[in-house]
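Everything below concerns the one structure shown next.
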Amino acid sequence: NILAFGIMGVFMTMVMFAAAWLFTRPYRHDKVHMACSTFCMVLFIQNLLYMLPVASSYRLSVLAGQGGAYSGALVSFSMIGMCGGSVLMWLFLQARRDLWRHSYGIVCVSTFLNTLGACFYGAMLLLAAGGRPMADLRGLPLVARTIDGTGFGLVAQLGLVSTVNLMPSGDRPEWMARYQFACMLGIGLGPMFGSFVSALNVCNLPDGDLQAVAVAYVSIATAGLLIGAVLYPTSLEDATDHSKASEDTEDSQPSHVRRMGTFAVAEAKETQAPDTSPASSDPDHARKVIVLLTTLSMAAVRGFVIAGLEAAIAYLLEANYGWSITRTGIAVGCCFLFCIPLQMAYSSLRHVMQITNWIRFLSIYAIAGSCLLYTGWLKGSADTVALLAAASILFPALFLGDALTSGVSVMAHNICPPDSMMSPNMLMLYRQVAVNGIGRCIGAIVANNTVEHSGQNAYATQQLICATMFWALLETLLIPFNKVWRPCQTPQLRG
């Protein structure tokens with residue numbers, strides 16, 4: 001049994017590391033892009049770890065003598081750890097603002113925490129599969145998930161802040177979209193992979209599914225540790241700090257960025273690099289704060305909707321439509337993987353529309369998807385088709401729309417000085433708290449409570465309101481205020 005599971009674990013680790021090596025190989029001679037592409041792979045691994053135990057969490061909850069709330073806590077406690085890790089990294093970056101240049105050790109520590117949490121959680125699964133009573137150990141899996149989430153928060157905060165420093169203003173929205181795509185892919189593959197591994201009882205044991213999940217969890221976390229230790233640049237000392245650079249002009253922007261309409265620094269000679277003077281002397285500071293607070297509000301809405309989808313869609317399929325856990329995990333994962341065709345469409349057609357119109361299109365697309373959550377569109381068991389179609393639209397639309405919006409928030413004309421409460425480091429901390437500390441922490445609870453007490457149509461109304469709110473914030477605050485304000489000059493009379 002040990003040999004069979006060991007071979008499976010080594011194979012998974014090798015496959016994950018090989019995929020990361022191939023993904024980053026084109027950038028092996030470019031430290032900046034190598035660092036950002038490694039962040040992409042680490043974020044993918046961490047989101048995969050976040051969603052992997054979803055399929056087996058209820059089994060562990062039953063063995064621990066707990067109910068559905070404990071099963072949900074096994075998922076949500078990772079977000080608590082992520083918030084803690086984000087705050088910790090924020091403190092490090094506040095104490096040393098150039099820490100991103102020497103971040104190799106932090107990447108290794110964060111991925112080590114992922115591996116430590118995975119080993120801890122895997123041990124609990126193995127004990128449960130071996131028949132050990134878990135009632136007196138029910139707090140330990142929650143601790144393991146929190147440790148795993150802490151590593152997640154450390155590297156997520158570091159990656160977002162580092163991108164502001166490493167990438168020119170016009171390239172940041174694209175890299176933010178890549179990070180979001182990596183997160184979407186990990187979240188989509190997580191429940192599918194967990195369901196597949198649970199069904200893959202290589203030793204045909206009574207609780208071999210739990211053992212398989214434990215091995216997969218540890219193997220993927222180990223692959224993440226190897227990716228960070230081997231592929232991430234050991235130093236970025238000679239990298240240009242683009243958060244202060246004055247070259248964010250029209251000539252330094254990619255051609256498609258110059259066509260971004262409201263979101264572009266179109267008049268390059270008029271739009272200068274971020275002012276490093278105190279916020280009180282910046283006449284444009286109030287506008288920047290409005291833009292940044294709006295993007296944070298939109299991020300919180302997105303987190304709330306996504307967490308609700310993760311929990312409520314699975315709950316509806318199992319409770320209302322009688323689906324099995326394995327079937328539910330695969331279906332939910334497939335819905336989330338619709339981020340792939342949407343991302344491909346955006347990458348291929350991003351030159352066709354301005355960024356303003358892309359975010360507007362994705363917002364309206366999400367509103368249409370939320371309407372499909374209402375029952376009665378299709379009769380009988382075909383209602384599940386509409387339910388899954390709604391999830392397939394809402395998840396990728398809001399994820400990509402929020403990614404583009406967050407990229408806008410870190411463009412040169414919206415960045416506040418380092419000593420401001422809305423500096424890039426502070427902004428990334430607020431974003432982590434808004435998405436994971438607020439939106440994703442309460443989204444699943446509110447969604448499941450709505451479904452349980454008021455039904456599917458009430459949940460559909462809740463999601464429709466949230467999707468409409470996302471679009472309304474875009475139209476009423478983000479677009480109007482995402483323009484550089486310049487004081488009017490009083491014409492001087494010539495004698």
Side-chain angles (χ1 to χ4, degrees), residues 23-24 26-27 30 32-33 36-37 39-40 43-44 160 163-164 166-185 242 245 247-273 291 294-295 298-299 302 337-369 392-415 470-471 473-475 478-484:
F23 179 75
T24 58
Y27 309 115
D30 184 346
V32 170
H33 287 85
C36 291
S37 59
F39 276 130
C40 273
L43 287 172
F44 166 73
L160 294 175
T163 301
V164 175
L166 292 171
M167 288 294 164
S169 173
D171 291 337
R172 291 170 197 160
E174 181 180 353
W175 276 98
M176 290 294 183
R178 290 185 184 185
Y179 292 156
Q180 288 288 57
F181 178 69
C183 293
M184 287 190 294
L185 195 61
H242 288 282
E247 68 269 23
D248 285 317
T249 64
E250 184 175 2
D251 293 334
S252 67
Q253 304 293 335
S255 59
H256 71 275
V257 175
R258 292 183 223 133
R259 301 181 65 251
M260 281 180 168
T262 305
F263 290 142
V265 191
E267 296 80 27
K269 295 181 180 179
E270 296 180 351
T271 303
Q272 302 297 326
V291 169
T294 302
T295 60
M298 296 171 74
R302 189 266 294 175
L337 286 178
F338 267 82
C339 63
I340 296 177
L342 186 61
Q343 176 69 25
M344 292 175 63
Y346 168 73
S347 298
S348 301
L349 303 174
R350 68 177 185 269
H351 304 282
V352 175
M353 285 197 298
Q354 299 174 350
I355 289 290
T356 307
N357 293 330
W358 269 110
I359 301 178
R360 180 181 289 121
F361 165 74
L362 292 169
S363 301
I364 297 174
Y365 185 53
I367 292 173
S392 302
I393 293 173
L394 273 169
F395 179 80
L398 287 181
F399 236 121
L400 181 57
D402 178 53
L404 297 176
T405 303
S406 66
V408 168
S409 69
V410 292
M411 292 186 72
H413 63 294
N414 286 327
I415 289 183
F470 189 93
W471 170 73
L473 288 170
L474 170 71
E475 298 288 355
L478 185 59
I479 292 178
F481 285 92
N482 193 40
K483 301 175 182 177
V484 178

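All residue numbers in this chain count up from 1 along the given sequence.
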Worked verdict on Arg360 versus Ile479 for side-chain contact (heavy atoms from CB on, under 4.5 Å): CA-CA 10 Å; Arg360 180 181 289 121; Ile479 292 178; 3.5 Å; yes

Arg302 CZ to Leu394 CG distance, which is reported to the nearest 0.5 Å: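 Answer for the CZ-CG pair, Arg302 versus Leu394, is 13.0 Å.
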
From CZ (Arg178) to CG (Leu43), nearest 0.5 Å: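 Answer rounded to 0.5 Å: 13.5 Å.
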
By ring pair (Phe, Tyr, Trp, His ring centres under 6.0 Å) - contacts of Phe39 (at least two apart):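 Partners of Phe39 by the ring pair (Phe, Tyr, Trp, His ring centres under 6.0 Å) criterion, ordered by chain and then number, come out as Tyr232.
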
Under the ring pair (Phe, Tyr, Trp, His ring centres under 6.0 Å) test, residues paired with Trp358 that sit two or more places apart: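 Scan of Trp358 (ring pair (Phe, Tyr, Trp, His ring centres under 6.0 Å), adjacent residues dropped) gives Tyr346.
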
Heavy-atom pair with the smallest gap, counting every atom of Tyr179 and Cys40: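 Scanning both residues completely, I find the closest heavy atoms to be CD2-SG, 3.4 Å.
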
Minimum heavy-atom distance Thr163-Cys36, with the two atoms named: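 Closest approach of Thr163 to Cys36, heavy atoms only: OG1-SG, 4.5 Å.
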
Verdict with reasoning, Ile367 to Trp471, per side-chain contact (heavy atoms from CB on, under 4.5 Å): CA-CA 8 Å; Ile367 292 173; Trp471 170 73; 4.0 Å; yes

Test item: Phe44 and Cys183 side chains (from C-beta on) under 4.5 Å apart, heavy atoms: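 Side chain of Phe44 against side chain of Cys183, heavy atoms only: no contact under 4.5 Å found.
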
Any side-chain heavy-atom pair of Leu478 and Leu473 under 4.5 Å: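 Result no, sub-4.5 Å side-chain heavy-atom pair not found.
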
Residues forming a side chain to side chain contact (heavy atoms under 4.5 Å, CB included) with Phe338, sequence neighbours excluded: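 Side chain to side chain contact (heavy atoms under 4.5 Å, CB included) list for Phe338, sorted by chain: Pro341, Ser392, Pro396.
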
Candidate list Thr295, Leu362, Ile359, test side-chain contact (heavy atoms from CB on, under 4.5 Å), partner Leu474, passing option: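 With Leu474 as partner, side-chain contact (heavy atoms from CB on, under 4.5 Å) holds for just one option, Ile359.
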
